[in-house]
Amino acid sequence: MISPERQAIALKRYLDASPQMREEIAGLSEHEQAQQVLWAFEDAAQEQGLEPWELTLQLIADSAEEFAAMRLEVHREVAQALGMEWEEYCAFNDIDQKS
């Protein structure tokens with residue numbers, strides 16, 4: 001799963017890449033700013049055809065290979081949490097087990 005620390009890093013990087021948003025939310029309370037950034041982040045993920053957790057990994061990964069490995073690890077954790085066999089989970093979610 002995605003730790004709160006990783007999520008915070010991704011949100012910061014997302015906001016750092018959007019100075020216009022930073023200006024737009026400057027007058028809001030800290031809580032409202034955080035909400036606006038999270039909503040924009042979730043919208044950005046959806047626009048890219050990603051889940052928010054995938055965009056989080058994409059923003060914190062140092063390479064495409066690291067992103068793929070972290071993504072696969074999250075899927076393994078989900079399969080385990082669901083009590084599913086890895087092969088069954090991969091087939092159900094159309095995941096290449098060699099990735």
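We count residues from 1, following the sequence as given. The structure presented is a predicted model; accordingly, all values stated were derived computationally and were not measured.
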Nearest heavy-atom approach of A10 to L59 is O-CD1, 3.5 Å
All heavy atoms of H75 vs all of W53, minimum pair found to be NE2-CH2, 3.6 Å
- prompt: Side chains of V37 and R22: closer than 4.5 Å at any heavy-atom pair?
  reply: no
Please say yes or no: joined through hydrophobic side-chain contacts below 4.5 Å, possibly via intermediate residues, are L11 and I9 part of one cluster? no
- [ ] Look at the side chain of Q33 and the backbone N and O of L28, then say whether any donor-acceptor pair between them is shorter than 3.5 Å.
- [x] yes
M70 and L57 have their tightest heavy-atom pair at CE-O, 3.6 Å
| field | Enclosure of Q80 CD (heavy-atom neighbours >12, cutoff 6.0 Å) | value | no
Check this for me: Q35, atom CD, are more than 12 non-hydrogen atoms of other residues, nucleotides or ligands nearer than 6.0 Å? yes
Checklist entry - Can you check whether M21 reaches F41 side chain to side chain, under 4.5 Å on heavy atoms? => result no
Rounded to the nearest 0.5 angstrom, the CD-CD1 distance for E30 and I25 is 10.5 Å
Closest non-hydrogen contact found for Y14 with A40 is OH-O, 3.2 Å
**Q.** E54 side chain vs L50 backbone, donor-acceptor pair below 3.5 Å
**A.** no
**Asked** Any side-chain heavy-atom pair from I60 and E5 closer than 4.5 angstrom?
**Response** no
Rounding to 0.5 Å, atoms CZ (R76) and OH (Y89) come to a distance of 11.0 Å
Taken to the nearest 0.5 Å, the spacing of I95 CD1 from E87 CD works out to 12.0 Å
Review point. Is it the case that more than 12 heavy atoms not belonging to E66 sit under 6.0 Å from its CD atom?
Key: yes
Please tell me whether E32 and S29 have a donor and an acceptor in their side chains that are separated by less than 3.5 angstrom.
yes
d(Q58 CD, Q48 CD) to nearest 0.5 Å is 5.5 Å
Rounded to the nearest 0.5 Å, the CD atom of Q7 sits from the NZ atom of K12 at a distance of 14.5 Å
When every non-hydrogen atom of F92 is compared with those of M84, the smallest separation belongs to CB-CE, 4.4 Å
